[in-house]
Protein chains: 2
Amino acid sequence: MAKKVTIHDIARELQVNAATVSRALNDHPAISARTKEAVRKVARRLHYQPNSIAASLRSGRSRILGVLIPSAEITFFGSVVHGIERVAAAEGYTVLIYQTNESEEGERKGVETFLRSRVDGVLASIAKGTRDLAHLQDLKRRGVPLVLFDRVSAEAGVPSVSINDSAAAFMATEHLLQQGYRRIAYISGPLHVPIWKERLKGHRKALKKYGLPADRALLREGDVSIGSGAACMEALLRLPEPPDAVCCVEDYTALGALQALRRAGIAVPGQVGIIGFANELFGQYIEPALSTIDQQTIRMGEEAARLFFELSAGKFYGSAPRHIVLEPQLIIRQSSVKIHTAS
Amino acid sequence: MAKKVTIHDIARELQVNAATVSRALNDHPAISARTKEAVRKVARRLHYQPNSIAASLRSGRSRILGVLIPSAEITFFGSVVHGIERVAAAEGYTVLIYQTNESEEGERKGVETFLRSRVDGVLASIAKGTRDLAHLQDLKRRGVPLVLFDRVSAEAGVPSVSINDSAAAFMATEHLLQQGYRRIAYISGPLHVPIWKERLKGHRKALKKYGLPADRALLREGDVSIGSGAACMEALLRLPEPPDAVCCVEDYTALGALQALRRAGIAVPGQVGIIGFANELFGQYIEPALSTIDQQTIRMGEEAARLFFELSAGKFYGSAPRHIVLEPQLIIRQSSVKIHTAS
DNA sequence: ATGAAAGCGCTAACAC
DNA sequence: GTGTTAGCGCTTTCAT
């Protein structure tokens, strides 16, 4: 273990004060160009590596942004993180990711880790398993800016970026209706999670607009996994009056449903239409290609990061938090297209 | 911004020394149960949050493991991280992820960030764009344990976990040969990356075993993206003697190739067989389901984390680094099955 | 079982 | 333009 070199080593070498070295390294305006040059040269020669732990302890700022995501195995989040990174990098910030594994426990540990590491802010997407938001309030109480994205919560009282989930589900459902499907099932995620509650609302609104009843039997509450999607679909198929279309709350759910339909020998989109949600990469490559909703991932990440910088610049502390709502985009592929217009 | 509460606040409240509080909080054996109890109670009441920055500065240990992954959008890495987390958590360590976006530049920044944050170790999978490993050597030189996984490099001289890439490609190719395919193309990733070079070796070995020549025209060096897979496949189809099977270095590459084949109206696996690599989630849901190679992701993560703990326990510093090689598993689905045995 | 004191490496307020 | 000084909040000898 090589002895760590500090600014004092550089200072000694150059016969100057450690503070001078610190300033030179940080490009402080009051330091002469010659000194800066000399300091940098010695620093390089000695393989000096700044200790941001010490710097953070002293300055109270780490220039690190913590991002809490439910799972690194979902492309969607990786994509949002890209957006966050782009904006963060431009401001000289680094992004660190913690995956909560969809549990409240994991989320608490993530917050704890970030708090201990004294990140300058936290951007989070709430885990499926989270019911109590106390740990998020903790961040607020400690003055760590918090911004929520995608899986947001108005209760939290912090800025957020999300898509218009209700509108998205409305679009998806209306699209199925316009294709002539009439008995539309809905496979949701846990309804205690706001975004899934919102989406259900949009779905129902579309049904209502077309004068259709909200048949309780056609609503399934899954856990947004492939397996759960398949199980829900199977249950739906056992119904006395099975659905002729299904609106899924997630692409993976749709994948499971599709699998169940295939096993049952049901033609998609001929007999049953299906639409997903999230525009995951695989959707355009499966057979039939999955219609879905695009959630503007990069944009979402960028906006979330921007909200953080606004927050930390103190631009709207105290006033009501901003909620940015992005407009979703309907992506029509094959799985939901019954009507062939032209050819 | 609530005033931060420190161990001194707790100490004052209880009329004891800060050192006592520190010990109590860390469950030091020499502290009486009564004192510990009292300290914990006050800590809770004051919402005390330990400042690990200060602790790290003093102790020189952060109990944080940095993980460098090329991209958070690849399921494979998310899965490996799960394995890492499991082992790390058991040792009281936290995992922080940095995505390098497949570039050497990103990788350098990640190393820099981890170095500054004084993580206790780094687990890394080398980016596609990385040619110079100097930044990784830096970690070693500074005494930060480094373990490589998946995209490893023997040159780095550090412990690693990978799968037997050569054997994997051999299995994939042999499987195609056993299915009766004879003109087998190979879509590789950049050949300066060791794992892809290794895989190519395995592929050639299989060809050789079956007495087939390594036709240069059948080898394409793509960049492991869907688009590149499609482009390579198109080029292959334009050959005077197009291939009757294609072995891809990655599932996403295979996806692109599949797309190109579909556009060209070629039946898979009837006319052309195809096999991928990585066992990405989507593979079993596309049509035809993609044959592939499983890479033991969770296991890989666990082993990598274990290697780190061995390293930091000083078990084999100085001696030659251990390289764990996991055995891959051939997963036969539809895309490569020409021969229908039974039914 | 607890206290006293020193210091990890850096930055920032105040000198000059 | 640079030096001095005083910590940031914690851990860790060494005492007692």
- Query: Are the side chain of Asp9(B) and the backbone of Thr6(B) linked by a donor-acceptor contact shorter than 3.5 Å?
  - Reply: yes
Tyr48(A) OH to dG9(C) P, in whole Å, measures 10 Å
Atom CG of Asp27(A) and atom P of dG1(D) are separated, to the nearest Å, by 13 Å
Between CD1 of Ile7(B) and C1' of dC10(D) the distance, given in whole Å, is 5 Å
Ile31(A) CD1 to dG1(D) C1', in whole Å, measures 6 Å
| Student check: side-chain heavy atoms of Val147(B) and Phe309(B) closer than 4.5 Å | no
The nucleotide from dC10(C), dC10(D), dG3(D) with an atom nearest the side chain of His8(B) is dC10(D)
Under 4.0 angstrom between Ser56(A) side-chain N/O and dC10(C) OP1 or OP2 = no
I want to check one thing: is the phosphate of dT2(D), taken as OP1 and OP2, less than 4.0 Å away from some side-chain N or O of Thr35(A)? yes
When Val21(B) and Ala54(A) are each assigned the nearest nucleotide of DNA chain C, the 5'-most assignment goes to Val21(B)
Inset, instruction - Output yes when at least one side-chain N/O atom of Asn26(B) is less than 4.0 Å from OP1 or OP2 of dT11(D), else no. - result: yes
Atom CD of Gln15(B) and atom C1' of dT2(C) are separated, to the nearest Å, by 14 Å
From CZ of Arg34(A) across to P of dG1(D) the rounded distance in Å is 12 Å
Q: Please work out if Ser32(B) contacts a base, only the sugar-phosphate, or nothing of the nucleic acid, heavy-atom cut-off 4.0 Å.
A: sugar-phosphate
Exercise. With heavy atoms under 4.0 Å as the rule, sort Ala30(B) into base, sugar-phosphate or nothing.
Key: base
From CD1 of Ile10(A) across to P of dC10(C) the rounded distance in Å is 8 Å
message: Just to be sure I understand the rule, does Ser22(A) reach a base, reach only the sugar-phosphate, or reach nothing, if contact means heavy atoms closer than 4.0 Å?
response: base
Side-chain N,O (Ser59(A)) to OP1/OP2 (dT11(C)) below 4.0 Å: no
Let's test your reading of the model: under 3.5 Å, does the base of dG9(D) pair with the side chain of Arg118(A) as donor and acceptor?
no
Test item: Thr20(A) side-chain N/O and Val16(A) main-chain N/O as donor-acceptor pair under 3.5 Å | no
Backbone of Ser103(B) reached by a side-chain donor or acceptor of Asn101(B) within 3.5 Å: no
To the nearest angstrom, the CZ-P distance between Arg63(B) and dT11(D) comes to 12 Å
Closest to the side chain of Arg23(B), out of dT2(C), dT4(D), dG9(D), is dT2(C)
side-chain N/O Asn51(A) vs dC10(C) OP1/OP2, d < 4.0 Å
no
Side-chain (Glu102(A)) to main-chain (Ala127(A)) donor-acceptor, under 3.5 angstrom:
no
Looking only at dG3(D), dC10(D), dG9(C), the nucleotide nearest the Lys4(A) side chain is dG9(C)
Assign Ala19(B) to base, sugar-phosphate, or nothing according to its heavy-atom contacts below 4.0 angstrom with the strands shown. base
message = Could you tell me if the side chain of Pro159(B) sits less than 4.5 Å from the side chain of Leu311(B), heavy atoms only?
response = yes
